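Structure first, commentary second.
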Protein chains: 2
Amino acid sequence: MNLAEKVYRQLKEDIFDFRMLPGDRFSESEVAERMQASRTPVREALYRLERDGYVQVYFRNGWQVRPFDFRYFEELYDVRTLLECEVVRRLCMETDRAERLSGLVTIWCCKPSQRQVDPVDVAFLDEEFHFGLLECGENTQMEAIHKDVCERLRIIRRLDFYEPGRIQATYEEHSSILEAILSADSSRATRELTRHIEVSRNTVRDITVHRIQEARQRYTTDLSRK
Amino acid sequence: MNLAEKVYRQLKEDIFDFRMLPGDRFSESEVAERMQASRTPVREALYRLERDGYVQVYFRNGWQVRPFDFRYFEELYDVRTLLECEVVRRLCMETDRAERLSGLVTIWCCKPSQRQVDPVDVAFLDEEFHFGLLECGENTQMEAIHKDVCERLRIIRRLDFYEPGRIQATYEEHSSILEAILSADSSRATRELTRHIEVSRNTVRDITVHRIQEARQRYTTDLSRK
DNA sequence: GCTATATATCTTGTATACAAGTATGAATTC
DNA sequence: GAATTCATACTTGTATACAAGATATATAGC
């Protein structure tokens, strides 16, 4: 693996784990030193992260971890909903949908005793559920865009599932979405899916604001400084 | 403006204008020499283009202009349709939609004598029409993704509008879409819009295949070489 | 004490040198 | 003649040196 690739992943992890906080300013040499690398691969990684929307560069004046913009997250949730609903609608018209969904069904339509309980595990499974839906479709571009959108949302979504009752609710919601698709009830499926994402969106927003309230000022600082 | 930025734009133009053909292999130093720059900004530009999907790098083994993949274009058209229809649906529920659409209406709902006739101009206006629709919405992320998708399609869309009658048809289609939105007829608007994009997609595909038939072998070569 | 200017420091932008890996082709062996 | 090995040229990956520009600090002037 490239050094640039390593630096890219490490930086992303640092941002995701809030070791680098939204709003933080930093320089290339600073990162290079920390990562034991030269500026060249660091720059390559940073420019990738910039395109991903995590950091931004100021001309000859350093870098910044992109501050949170909740409106931006809301809109991404909209796109997510749109893409997932479209795939679900198409899926309802496929005759082999039971086959395609079988993997998800065994995970989500199981007995309560077999359910995962660790928030971290469930968060991972939840992502896999939504990715799985997209994979059932046959539109790799839609899938790629969806993955991209989810990636951008991960920084706040990972704070989810610590809310009491959220895990159980997720199981219920996912299984009823799957059932609706299996019975080709397109409108019910999309309705449930939309509601599910909506709940997740609200939960995450509340949790986020609560958990990082001490740093809220920074997190919500708008981008237009100077 | 950055040198890297200049190189990026120039390379993109070269690819768009088929001075660099899909499938062409090239090296960083080759580009650097042509652009009168060092490899550093060239690399920066190339990695941006890679993320954009125009080129790809082979580990220590040069670069390649990404060959055409028509299935990939088809799928992008799907995403485009999805996004535009969603915005149109929302727009139909807005009370100030006449105001928001006024700019587009004056351009597209005009007398036949006032219409543009040059394919290049119309191609530009057509893009502006679809971008304009997205701008009428209030979802900047959707707008950004749409712009991105259209950007990727531009390399083939620009071959459009040379088909006889296509320009007139575009005017008719656009104006009836606008009328449908103005009368809040959401389903008619999306139906017309979908059909319009579908026609454009088919035309472009035919033209593309026809125009570049001598290079078709190269253009359609799949990506999985070696 | 305040403002303006100049300088020093720090930042990214770019060029270049070198390291590491790949593919090609010639020489060699069978 | 065919297969294999080795050397060479070429490619990207990385480090470093320097240039250009921005910011902050200190100093001079009032």
Side-chain angles (χ1 to χ4, degrees), chain A residues 1-15 20-67 218 221-226, chain B residues 1-15 20-67 218 221-226:
Chain A
M1 182 166 48
N2 274 358
L3 190 48
E5 178 72 22
K6 278 185 205 162
V7 171
Y8 172 78
R9 296 192 190 183
Q10 183 61 50
L11 276 174
K12 199 144 106 176
E13 221 173 277
D14 286 346
I15 293 171
M20 294 171 78
L21 290 173
D24 273 356
R25 298 290 294 250
F26 61 94
S27 73
E28 294 174 0
S29 22
E30 195 183 313
V31 175
E33 194 175 2
R34 198 170 73 231
M35 305 273 181
Q36 308 258 50
S38 82
R39 275 179 53 219
T40 310
V42 169
R43 278 172 64 82
E44 205 176 303
L46 282 173
Y47 278 109
R48 277 183 65 187
L49 286 168
E50 191 197 24
R51 249 204 78 88
D52 292 347
Y54 297 120
V55 300
Q56 57 188 163
V57 62
Y58 294 97
F59 187 72
R60 285 191 214 278
N61 194 21
W63 293 77
Q64 181 183 35
V65 181
R66 198 155 189 165
R218 259 170 136 179
T221 302
D222 81 322
L223 298 175
S224 57
R225 69 183 293 286
K226 80 179 224 171
Chain B
M1 182 165 48
N2 274 358
L3 190 47
E5 177 72 23
K6 277 185 204 160
V7 172
Y8 172 78
R9 295 192 191 185
Q10 184 60 50
L11 275 174
K12 199 144 106 177
E13 220 174 278
D14 286 344
I15 293 171
M20 293 171 79
L21 289 174
D24 274 355
R25 298 290 293 250
F26 61 93
S27 72
E28 295 173 1
S29 22
E30 195 183 314
V31 175
E33 193 175 3
R34 197 170 75 232
M35 304 275 182
Q36 308 258 52
S38 81
R39 275 178 54 217
T40 309
V42 169
R43 278 172 64 82
E44 204 175 304
L46 282 174
Y47 277 109
R48 277 183 67 186
L49 286 168
E50 192 198 23
R51 249 203 78 87
D52 292 348
Y54 296 119
V55 299
Q56 57 189 161
V57 62
Y58 293 98
F59 186 72
R60 285 190 212 277
N61 194 21
W63 293 77
Q64 182 183 35
V65 181
R66 198 153 189 166
R218 256 172 137 177
T221 300
D222 80 322
L223 298 175
S224 57
R225 70 185 292 284
K226 80 178 225 170

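Predicted model, so just to flag it, every value in this text is computed and none were measured. By convention in this document, chain letters (A, B, ...) are assigned in the order of the sequence lines, proteins followed by strands, and residues within each chain are numbered from 1.
Contact between A/Ala45 and A/Leu11 at its shortest, heavy atoms only, is CB-CD1, 4.5 Å. The shortest heavy-atom contact between A/Arg25 and A/Tyr58 is NH2-CD1, 3.4 Å. The two residues B/Ala37 and B/Leu3 make their nearest non-hydrogen contact at CB-CD2, 3.8 Å.
Atom CG of B/Asp52 and atom CD1 of B/Ile15 lie 9.5 Å apart (nearest 0.5 Å). With rounding to the nearest 0.5 Å, the separation of CD in A/Glu50 from CZ in B/Arg51 is 11.0 Å.
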Derivation and outcome, side-chain contact (heavy atoms from CB on, under 4.5 Å), residues B/Arg34 and B/Val7: CA-CA 10 Å; B/Arg34 197 170 75 232; B/Val7 172; over 6 Å; no
Hey, mind stepping through A/Tyr54 and A/Val65 against side-chain contact (heavy atoms from CB on, under 4.5 Å) and telling me if it holds? CA-CA 6 Å; A/Tyr54 297 120; A/Val65 181; over 6 Å; no
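Rounded to whole Å, the distance from CD on A/Glu44 to C1' on C/dG13 is 16 Å. Distance, B/Arg43 CZ to D/dT16 P: 16 Å, rounded to whole Å. Rounded to an integer number of Å, the gap from A/Glu33 CD to D/dT14 P is 19 Å. The distance from atom CZ of B/Phe59 to atom P of D/dG13 is 6 Å, rounded to the nearest whole Å.
Under the ring-ring contact (aromatic ring centres under 6.0 Å, His included) criterion, the residue pairs touching residues 31-50 of chain B are B/Tyr47-B/Trp63, with sequence neighbours excluded.
Shown here are the side chain to side chain contact (heavy atoms under 4.5 Å, CB included) partners of B/Arg9, two or more places apart in sequence or in another chain: B/Met1, B/Glu5. Here A/Glu44 pairs with B/Arg43 under the side chain to side chain donor-acceptor pair (under 3.5 Å) rule; sequence neighbours left out.
For the OP1/OP2 pair of C/dG13 and a distance below 4.0 Å, the side-chain nitrogens and oxygens of A/Tyr47 include at least one atom meeting the criterion.
If you check residues 3-11 of chain A against DNA chain D, the residues with a heavy atom closer than 4.0 Å are A/Leu3, A/Ala4, listed by number. A heavy-atom distance below 4.0 Å to DNA chain C is reached by these residues of residues 34-41 of chain A, ordered by number: A/Arg39.
Other residues, nucleotides and ligands contribute over 12 non-hydrogen atoms within 6.0 Å of the CD atom of B/Glu30.
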Produce the list of close N/O pairs, under 3.5 Å, pairing protein atoms with atoms of nucleotides 5-11 of chain C; give distances to one decimal.
from, atom 1, to, atom 2, distance (Å)
C/dT11, O3', A/Gly62, N, 3.3

